[in-house]
Structures are given as C-alpha cells and as structure tokens.
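The next block holds one structure in the form of structure tokens; read it before the comments.
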Amino acid sequence: MALITLVQLTIVALFTPMVASCEVQHIKKTNMVFNMQDWGTGPNPTAISVAGRNLTSSTITSFGTIIAIDDAVTEGLDRKSKEYNESTLEIQGSDRANLKQREVSVVSGTSLFRYAKGYAVLETAYIDLPNLNAVIKFNVTVRHP
C-alpha cells in the first residue's frame, strides 16, 4: 500500500508542472460571409489546370484534374469589391459545384485565425460554365483563440 501511494505521488508530481504552465485561452466563435472570385478564362485567370490524365484537354469536370487557384476573396459579388488580406483560413473538402449548397472543413488558419477549426457552407452565386468563371459565396463559422 505504501508503494502505490509513492507511485501516485510521483505521477502527480510529473504532471503538475505541465498543467501549471498551460495558459487558459478563451475560444471565440466567428461567423463571416465572403465571395471567392474564381475565373478560369479572361485577361487575369485565377484558376488553371496543373495536372490531369490529359493535361492539354483536362477541364474542371474531367476526372483526376488538379487545379491551382489564387482566387480573390471579396465582400461583394463584384470582382472589384473590397478584398480581404492578411489573415488566412485553410479550407479542405470537395466543392461539388452541382449541389445548391455544399459543406467543407476549416482546418487551420493564420494571424487572427491561428488554430481555427470549423466549417464553411458554399453556394454558387454566379456561374458561367462555358468560360469556367464563377463566384462562390462562403458562409464560414470558425472557433479560434
């Protein structure tokens, strides 16, 4: 019985410094709505195919096509409306554009959204399929310190 008490005291002593050094962080919940300007054609395209089964004829709808994007994030639907800069969110998931609404995960972020976790509901606000141009509305909910 004395041995068990000694082991219990040793375990408490080992974990106490770690608990004492942890900071209490207040978790915030942030909701935001913005638009992603996704332009596959025109003078300043923001999305291009970079890999696929047949890169010369791969399109967004071809199986296995990988597209690199550098889309502007804006307040409004207009491509020239105010853009968001500085803080970032990392969003992962499949954007099934044929659905009215689709959900993807927010897995991380930087600056104000460091350690962010949450989700985003996407809706197509504008689409021009022949030219592969679209505006995607994001309704995002994240929790972050």
**Prompt:** Can you tell me if Gln101 and Glu103 form a side-chain donor-acceptor pair at under 3.5 Å?
**Reply:** no
**Request:** Could you tell me the separation between the CG atom of Leu89 and the OG1 atom of Thr110, rounded to the nearest 0.5 Å?
**Result:** 8.0 Å
**Fill in**
Nearest heavy-atom contact between Thr124 and Arg102 is OG1-NH2, 2.9 Å
Which pairs would a plain distance check flag for residues 137-145, meaning a side-chain donor or acceptor within less than 3.5 Å of a matching protein atom at least two apart in sequence or in another chain?
| unit_1 | atom_1 | unit_2 | atom_2 | d |
| --- | --- | --- | --- | --- |
| Thr141 | OG1 | Asn31 | OD1 | 2.8 |
| His144 | ND1 | Leu112 | O | 3.2 |
| His144 | NE2 | Thr30 | OG1 | 2.6 |

**Message:** One pair to check against side-chain hydrogen bond (donor to acceptor under 3.5 Å, both in side chains): Asp70 and Thr46. What are the steps and the verdict?
**Reply:** CA-CA 5 Å; Asp70 186 17; Thr46 62; over 6 Å; no
**Request:** Calculate, to the nearest 0.5 Å, the distance between atoms CG and CG belonging to Asp128 and Asn133 respectively.
**Result:** 5.0 Å
**Message:** Quick check on the hydrophobic clustering: are Met32 and Val73 connected, directly or via other members, by side-chain heavy-atom contacts under 4.5 Å?
**Reply:** yes
**Prompt:** If you draw a 6.0 Å radius around OH in Tyr126, do more than 12 non-hydrogen atoms from other residues or ligands fall strictly inside?
**Reply:** yes
**Request:** Identify the heavy atoms of Ala125 and Leu77 that sit nearest to each other, and give their distance.
**Result:** CB-CD2, 3.4 Å
**Message:** If you compare all heavy atoms of Ala47 against all heavy atoms of Ile69, which two are closest, and at what distance to 0.1 Å?
**Reply:** CB-CG2, 3.6 Å
**Message:** With rounding to the nearest 0.5 angstrom, report the CZ to OG distance, Arg114 to Ser87.
**Reply:** 9.0 Å
**Request:** Taking Thr74 for its side chain and Gly76 for its backbone only, find out whether a donor-acceptor pair lies under 3.5 Å.
**Result:** yes
**Request:** Kindly work out whether a path of hydrophobic side-chain contacts (I/L/V/M/F/W/Y, heavy atoms less than 4.5 Å apart) joins Tyr119 to Val33.
**Result:** no
**Asked** Looking at CD1 of Ile136 and CE of Met36, how far apart are the two atoms once the value is rounded to the nearest 0.5 Å?
**Response** 5.5 Å
**Asked** Atom CH2 of Trp39 and atom CG of Asp71: how far apart are they, to the nearest 0.5 Å?
**Response** 10.5 Å
**Prompt:** How many angstroms lie between atom CD1 of Ile91 and atom CG of Leu122, to the nearest 0.5 angstrom?
**Reply:** 7.0 Å
**Message:** Running the 4.5 Å side-chain criterion over Ile, Leu, Val, Met, Phe, Trp and Tyr, what cluster does Ile27 land in, apart from itself?
**Reply:** none
